[in-house]
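Beneath this line is the structure, given in C-alpha cells, with notes to follow.
In listed order, ligands and their atoms are each counted from 1.
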Amino acid sequence: MVDSDVQGVQVKENIKFTPSLSEQRHKFVLDFVRKHKPQKVADLGCANCKLLWRLKYHESIEVLAGLDIDENILTRNIYRLHTGAGDYLDPRERPLTITLYHGSVVEKDPCLLGFDLITCIELIEHLEAKELSQFPEVIFGFFSPTTVIISTPNSEFNPLFSGKTLFRHPDHKFEWDRTQFQSWALDAARHYGYSVEFTGLGDPPPGAEAVGFCTQIGVFVKTIPNTIESLHNEKTIECTHTTVGTVIYPSLKEEKYLRKAVSNEVFSQILKMKRVLLESPKMKNDSNSGDELEFVKPKCDESKNDPTEEIPKPFCIENAFYVPLERLFSFPKIKHLCGDLETLKMLIADEVTLSSDGSSVMIHIVDEED
Ligand code: SAH
C-alpha cells in the first residue's frame with residue numbers, strides 16, 4: 001500500500017520496527033552500560049520504569065534513580081523494581097539501591113549529583129520552551145554526570161509515517177530535524193565542557209535513506225572534570241524532589257546473604273558427592289549386607305580422572321561422610337565467594353558440623369538418607 005512520496009521515493013504506510021523502537025532505544029542504553037560499566041545511573045522521564053527494570057540486572061550498577069513529573073505513573077509501576085524470591089536465592093555480587101523521585105527534570109536537586117550516566121530517552125520533546133531553555137544548565141551544568149544519552153524523534157522521518165498529525169505524540173511540544181537537534185546539542189556540549197557524538201535508531205526504508213534514523217541520539221561525554229569546590233557549593237542546595245519509593249537489593253556484600261549463598265553451594269556439592277558415593281558398587285553391596293560402612297579415604301573417589309588429584313578427597317568412616325574443606329574450596333564458585341579457606345570455614349561454621357580437627361564437613365549418611 002502506498003502512502004507518501006519522500007525524497008522522490010514512494011513509501012509503504014504503517015512503518016513498523018522489529019524489535020520496537022522503544023525496545024531498541026533501551027537496548028542502546030543497555031549496550032552502553034555493558035561497555036562502560038557505570039555504577040550510578042539515573043533515567044529522567046522514566047515513565048513506566050521499564051528501562052530501570054532492565055538496568056537493574058546489570059552487575060556494575062549500584063545506584064539506580066528514576067525521575068518523572070507524573071507521580072501516578074511512578075506509583076503504578078514501582079512494582080517492577082521490587083525484589084523477588086530469586087534476588088534472595090541468588091543475590092547480586094554488589095549492592096543495588098533503586099530510588100524513584102517525583103519532580104521535574106529542570107529542578108536542581110542534589111539527589112541527582114555524582115552520577116556516571118544520565119539517560120533522557122524521548123524526554124526533551126515533552127518539555128515546554130522555558131523548561132527546555134533551563135535543561136542544559138541543570139543537566140550538564142548542575143548534575144554534571146560523566147555521560148548523558150539523549151534521544152528524541154527525528155522530524156525528517158515523519159513524512160514516512162501514515163496519518164497526518166503534526167507530532168508523533170499529542171504531548172510533544174516540538175520535534176526537531178537533525179540540524180536543529182545537533183546544533184542544540186553541540187551548543188550545550190561546548191558550553192558545559194562535554195563532547196557529543198550523534199547516532200540513531202530505526203532505519204528508513206530503502207530509497208529514503210536521506211531522511212536519517214527515526215530516532216536521533218546524542219551521546220555526551222564530559223571532558224572537564226568537576227572541581228571539588230563546585231561539588232561543595234552544590235551540596236548546599238535544598239532537595240525538591242519527593243521520594244516515591246526506595247528498593248534495596250540483597251547482595252553478597254552483606255554477610256548474612258554471603259553465608260547463605262556459601263552454605264547452599266557447600267550443601268549442593270556435598271550432596272552430589274554423597275550421591276556418587278552411595279551409587280558406587282561397593283557401597284551398594286555393603287548396604288545390602290547390613291554391615292557397617294567402613295570406607296576410608298581413597299576408596300570414595302568421586303571421579304577416576306580427577307584433575308584435582310592432589311586435593312584431599314571425601315571419605316567415610318562408619319556411617320559418616322566427610323568432605324575436606326580443601327576439596328570444597330576447590331570448587332570455583334565456593335572459591336570465588338569465600339576468597340580463602342579460613343573465610344570458608346568461618347562462613348559455614350554455624351550451618352554445618354565439622355570433623356573434630358575442623359578440617360572437613362561431616363554428615364551422617366543414615367540420618368541424611370532418612
Ligand atoms: N523514557 C520513557 C518514556 C518517555 S515519555 C521511555 O523510554 O519509554 C516522557 C516522560 O517524561 C513522561 O513519563 C513524562 O511524564 C515525563 N516528563 C515530562 N516532562 C517532564 C519533566 N519536566 N520532568 C520530568 N519528567 C517529565
Side-chain angles (χ1 to χ4, degrees), residues 17 19-33 41-58 61 64-81 98-113 115 117-143 145 147-155 165 167-176 181 184 188 199-202 213-220 239-245:
F17 294 101
S20 71
L21 259 195
S22 167
E23 280 177 44
Q24 290 188 44
R25 287 189 287 262
H26 290 182
K27 185 174 177 301
F28 181 88
V29 173
L30 298 176
D31 289 343
F32 186 90
V33 165
V41 180
D43 184 30
L44 312 187
C46 63
N48 58 17
C49 305
K50 274 198 183 163
L51 179 55
L52 292 171
W53 172 75
R54 288 177 162 132
L55 284 168
K56 80 175 189 171
Y57 294 104
H58 282 263
I61 300 178
L64 256 182
L67 170 78
D68 207 286
I69 199 145
D70 180 345
E71 191 174 9
N72 275 336
I73 205 166
L74 298 178
T75 48
R76 280 204 314 273
N77 287 283
I78 192 169
Y79 76 90
R80 290 185 203 278
L81 308 173
I98 309 181
T99 310
L100 288 187
Y101 297 105
H102 169 229
S104 172
V105 73
V106 293
E107 287 161 353
K108 289 184 177 175
D109 191 303
C111 70
L112 290 174
L113 288 173
F115 277 71
L117 170 64
I118 285 187
T119 56
C120 303
I121 305 303
E122 306 299 275
L123 165 71
I124 58 170
E125 63 277 10
H126 292 264
L127 302 180
E128 300 285 355
K130 182 161 181 250
E131 293 174 312
L132 185 69
S133 69
Q134 297 166 326
F135 181 92
E137 154 64 5
V138 179
I139 305 298
F140 301 107
F142 182 74
F143 297 150
T147 49
V148 181
I149 297 177
I150 296 181
S151 82
T152 192
N154 166 21
S155 64
T165 55
F167 297 136
R168 294 183 196 176
H169 188 277
D171 189 52
H172 287 183
K173 310 300 186 299
F174 62 91
E175 285 175 4
W176 279 335
F181 176 56
W184 174 85
T199 180
L201 294 167
F213 292 112
C214 188
T215 292
Q216 45 185 341
I217 297 176
V219 178
F220 301 74
C239 298
T240 50
H241 298 154
T242 53
T243 302
V244 174

**Item:** For Gly103, the ligand 1 atoms whose distance to one of its heavy atoms is below 4.0 Å
**Value:** 23 (N), 24 (C)

**Prompt:** So, for Cys49 and Leu100, which heavy atoms are closest and what is the spacing to 0.1 Å?
**Reply:** SG-CD1, 3.8 Å

**Message:** Using a 4.0 Å cutoff against the non-hydrogen atoms of His126, which atoms of ligand 1 qualify?
**Reply:** 5 (S), 9 (C), 18 (C)

**Prompt:** Looking at Asp70, which atoms of ligand 1 are within less than 4.0 Å of one of its heavy atoms?
**Reply:** 15 (O)

**Request:** Hey, can you tell me if Phe167 and His172 have their rings parallel, tilted or perpendicular (30° and 60° cut-offs)?
**Result:** tilted

**Asked** Quick one: does Ile121 get an N or O within less than 3.5 Å of an N or O on ligand 1?
**Response** yes

**Asked** Touching ligand 1 at all, Arg25? Heavy atoms, strictly under 4.0 Å?
**Response** no

**Message:** Which residue and atom name correspond to the protein heavy atom nearest atom 22 (N) of ligand 1, and how close is it?
**Reply:** Ser104 OG, 3.1 Å

**Asked** Is a side-chain donor-acceptor pair under 3.5 Å present for Glu122 with Ser151?
**Response** yes

**Closest protein heavy atom to atom 11 (O) of ligand 1, given as residue, atom name and distance to 0.1 Å** = Leu123 CD1, 3.4 Å

**Request:** Check Phe115 against Ala42 and note the closest heavy-atom contact, atom names and distance.
**Result:** CD2-N, 3.5 Å

**Request:** Distance to 0.1 Å, residue and atom name: give those for the protein heavy atom nearest to atom 23 (N) of ligand 1.
**Result:** Val105 N, 2.9 Å

**Message:** Checking a contact table here: which protein heavy atom is nearest atom 14 (C) of ligand 1, and how many Å away?
**Reply:** Asp68 OD1, 3.4 Å

**Asked** What protein heavy atom sits nearest atom 6 (C) of ligand 1, and how far off is it?
**Response** His26 NE2, 3.9 Å

**Message:** I need the nearest protein heavy-atom contact for atom 2 (C) of ligand 1: residue, atom name and distance, please.
**Reply:** Gly45 O, 3.3 Å

**Request:** Could you check whether the rings of Trp184 and Phe181 sit parallel, tilted or perpendicular, using 30° and 60° as the cut-offs?
**Result:** parallel

**Prompt:** Distance-only, no hydrogens or angles: does the Glu71 side chain make a donor-acceptor pair with backbone N or O of Thr242 under 3.5 Å?
**Reply:** no

**Prompt:** If every non-hydrogen atom of Pro145 is compared with every non-hydrogen atom of Val148, which pair is closest and at what distance?
**Reply:** CG-CG2, 3.5 Å

**Item:** Ring centroid separation His241 to His102 under 6.0 Å
**Value:** no

**Any Asn48 side-chain heavy atom under 4.5 Å of Arg80 side chain** = yes

**Item:** Heteroatom proximity flag, Ile73 to ligand 1, N/O under 3.5 Å
**Value:** no

**Prompt:** How close does the nearest protein non-hydrogen atom get to atom 25 (N) of ligand 1, and which residue and atom is it?
**Reply:** Ile69 N, 3.2 Å

**Prompt:** Considering only heavy atoms of Glu122, which atoms of ligand 1 have at least one such atom less than 4.0 Å away?
**Reply:** 4 (C), 5 (S), 9 (C)

**Request:** Applying side chain to side chain contact (heavy atoms under 4.5 Å, CB included), run through His169 and His126 and close with a yes or a no.
**Result:** CA-CA 9 Å; His169 188 277; His126 292 264; 4.1 Å; yes

**Message:** Any nitrogen or oxygen of Leu127, side chain or backbone, less than 3.5 Å from one on ligand 1?
**Reply:** no

